[in-house]
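Numbering of ligands and ligand atoms starts at 1, following listing order.
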Amino acid sequence: MSNVLVLVDHTAGAVRKTTAELLTIARRLGEPVAVFVGEGVTDVQAALPALGQYGATKVIALSNPELTQFLVAPKAEALAQVAAKIEPSAILISSNAEGKEIAARLAVKLDSGLITDAVDVVAADGGAVTTQSVFAGNFTVRAKVTHGTPIITVKPNAATPEAAETSPEVEEFDVTISDAAKTARIVESKPREATGRPELTEAAIIVSGGRGTGGDFGPIEAFADSLGAAVGASRAAVDSGWYPHAYQVGQTGKTVSPQLYVAAGISGAIQHRAGMQTSKTIVAVNKDPEAPIFELVDFGVVGDLHKVLPTATEEVTKRKS
Ligand SMILES: Cc1cc2nc3c(=O)[nH]c(=O)nc-3n(C[C@H](O)[C@H](O)[C@H](O)COP(=O)(O)OP(=O)(O)OC[C@H]3O[C@@H](n4cnc5c(N)ncnc54)[C@H](O)[C@@H]3O)c2cc1C
């Protein structure tokens with residue numbers, strides 16, 4: 001069976017859910033081989049149980065200091081060297097800003113085709129066939145790389161992680177980083193202040209608020225917390241200074257694809273849809289029955305969000321206890 005490389009997304013060895021999703025997808029295509037870039041043996045050992053739980057057959061550990069001291073380019077160079085040795089049938093990387101830049105640089109180095117923002121990847125037609133939502137979500141495209149090693153960035157929540165216990169061996173792999181790749185040194189790195197909520201682009205559930213909140217995100221946050229969800233916002237809410245820009249969903253904000261997206265007080269402008277319409281289930285709360293958001297929802301509630309959301313929060317909390 002062919003090897004499929006998966007670049008591990010982690011923080012100090014704590015493996016992110018996106019990696020479990022990539023490993024699950026990799027198993028459809030071949031034998032998942034995880035590539036772990038970290039600062040040393042402790043991190044990779046910490047990550048090993050999670051990587052084994054989702055079916056990594058082997059973990060290639062890269063710990064050259066340049067990989068974490070400089071931005072992106074050394075990681076692409078290192079992955080190219082790993083790919084030259086392993087000759088994988090595909091390379092899967094998370095579709096975040098860093099992942100997409102690594103993937104693009106890697107595609108140039110390997111002279112390979114690149115597909116970004118896949119919302120699904122299946123084994124078909126003798127290779128990896130992806131599904132993407134393009135042109136502000138107006139078209140769904142299936143695509144396949146036809147040249148070189150398929151490099152695919154996969155959006156969070158594209159697959160439900162499925163466990164497959166393995167006991168991967170760790171192989172230390174030494175790479176050579178060129179001076180040309182050491183062009184942007186990281187001078188400081190600070191973790192973002194934790195909100196206690198899941199990361200917006202990775203969350204399984206998102207509750208977003210728009211202009212209809214009138215600036216009060218209290219009901220949005222309370223409902224999100226009852227569901228263990230992340231909070232999002234429309235641009236109108238962000239531009240009004242009601243919620244930070246980092247939480248904007250849409251064409252000029254984050255693209256999300258959760259299992260459940262709740263849009264409250266959001267009209268459903270095309271630019272907002274572009275960032276959320278690949279969500280698996282969409283629910284809207286809007287007091288205007290003619291609001292365009294109702295055209296794409298699975299469930300719609302016509303009503304005032306300040307009444308509907310607290311009632312829903314109370315009900316969720318009651319059922320959980
Ligand atoms: C180039 C460009 C890029 C853009 N990028 C983005 C983007 O990334 N993301 C984005 O979101 N927008 C983006 N926009 C803006 C977009 O066009 C809309 O203006 C914006 O999405 C509207 O936000 P909204 O739905 O919150 O507000 P509105 O369109 O004003 O809708 C508010 C809704 O709330 C409802 N409402 C009011 N009060 C209540 C209540 N009490 N209870 C329930 N419902 C209520 C109303 O019926 C209405 O439907 C972009 C625009 C441009 C031109």
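Interface of Gly210 with ligand 1, defined as ligand atoms under 4.0 Å from a residue heavy atom, comprises 26 (O). Near Gly250, meaning under 4.0 Å from any of its heavy atoms, are these atoms of ligand 1: 7 (C), 8 (O), 9 (N). Numbered from 1 in the order shown, with element, the atoms of ligand 1 that lie under 4.0 Å from a heavy atom of Asp304 read 40 (C), 41 (N), 42 (N).
Residues Thr311 and Glu315 bring no donor and acceptor atom of their side chains to less than 3.5 Å of each other. Residues Thr281 and Gln259 bring no donor and acceptor atom of their side chains to less than 3.5 Å of each other. There is a side-chain donor-acceptor pair under 3.5 Å between Tyr261 and Ser208.
Here the closest heavy-atom approach between residue Gly228 and residue Pro198 is recorded as O-CG, 3.4 Å. Residues His306 and Thr213 share a closest heavy-atom pair of NE2-O, 3.1 Å. Of all non-hydrogen atoms in Met276 and Ser279, the two that sit nearest each other are O-OG, 2.5 Å. Scanning both residues, Ala224 and Val207, for their nearest heavy atoms gives CA-CG2, 3.8 Å. In terms of heavy atoms, Leu71 sits closest to Pro74 at O-CD, 3.4 Å.
Salt bridge status for Arg105 with Glu77: absent, with no side-chain N to carboxylate O gap under 4.0 Å. The residues Arg273 and Glu295 are annotated as salt-bridged, a charged nitrogen and a carboxylate oxygen being separated by less than 4.0 angstrom. Using a cutoff of 4.0 Å between basic side-chain nitrogens and carboxylate oxygens, Lys17 and Glu21 are scored as salt-bridged. Contact check on Arg142 versus Asp125 returns no salt bridge, with no Lys/Arg side-chain nitrogen under 4.0 Å from an Asp/Glu carboxylate oxygen.
Counting only heavy atoms of the protein, atom 25 (O) of ligand 1 lies nearest to Ser267 N, 2.7 Å. Regarding atom 22 (C) of ligand 1, its nearest protein heavy-atom neighbour is Ala236 CB, 3.9 Å. Considering only non-hydrogen protein atoms, atom 9 (N) of ligand 1 sits nearest to Val249 O, 2.8 Å. Nearest protein heavy-atom neighbour of atom 47 (O) of ligand 1: Asn286 OD1, 2.7 Å. Considering only non-hydrogen protein atoms, atom 5 (N) of ligand 1 sits nearest to Thr252 OG1, 2.6 Å. Scanning all protein heavy atoms for the shortest distance to atom 36 (N) of ligand 1 gives Gly212 CA, 3.6 Å. At the shortest separation from atom 14 (N) of ligand 1 among protein heavy atoms lies Gln271 CB, 3.5 Å. What sits closest to atom 44 (N) of ligand 1 on the protein, heavy atoms only, is Lys287 N, 3.2 Å.
Residue-level proximity to ligand 1 for Ala269 is carried by the side chain, the only part with a heavy atom below 4.0 angstrom. Of all the heavy atoms of Thr213, none lies under 4.0 Å from any atom of ligand 1, so neither backbone nor side chain is involved.
For atom 19 (O) of ligand 1, no protein non-hydrogen atom is found at a distance below 4.0 Å.
Between Leu305 and ligand 1, a contact under 3.5 Å exists for at least one N or O pair. Of the N or O atoms in Gly268, none lie within a sub-3.5 Å distance of an N or O in ligand 1. Considering backbone and side-chain atoms alike, Ala291 places every N or O at 3.5 Å or more from each N or O of ligand 1.
Screening Glu169, Glu171, Glu31 for a side-chain hydrogen bond (donor to acceptor under 3.5 Å, both in side chains) involving Lys58 leaves a single residue, Glu171.
With atom 7 (C) of ligand 1 as the reference point, the heavy atom nearest to it among Arg211, Gln248, His272 is part of Gln248. Of the listed residues (Glu290, Arg235, Gln251), the one carrying the non-hydrogen atom nearest atom 4 (C) of ligand 1 is Arg235. Between Gly253, Ala233, Ser234, it is Ser234 that holds the heavy atom closest to atom 24 (P) of ligand 1. The option with the heavy atom closest to atom 34 (O) of ligand 1, from among Gly265, Ser208, Gly214, is Gly265.
Ligand 1 has at least one atom lying under 4.0 Å from a heavy atom of Gly303.
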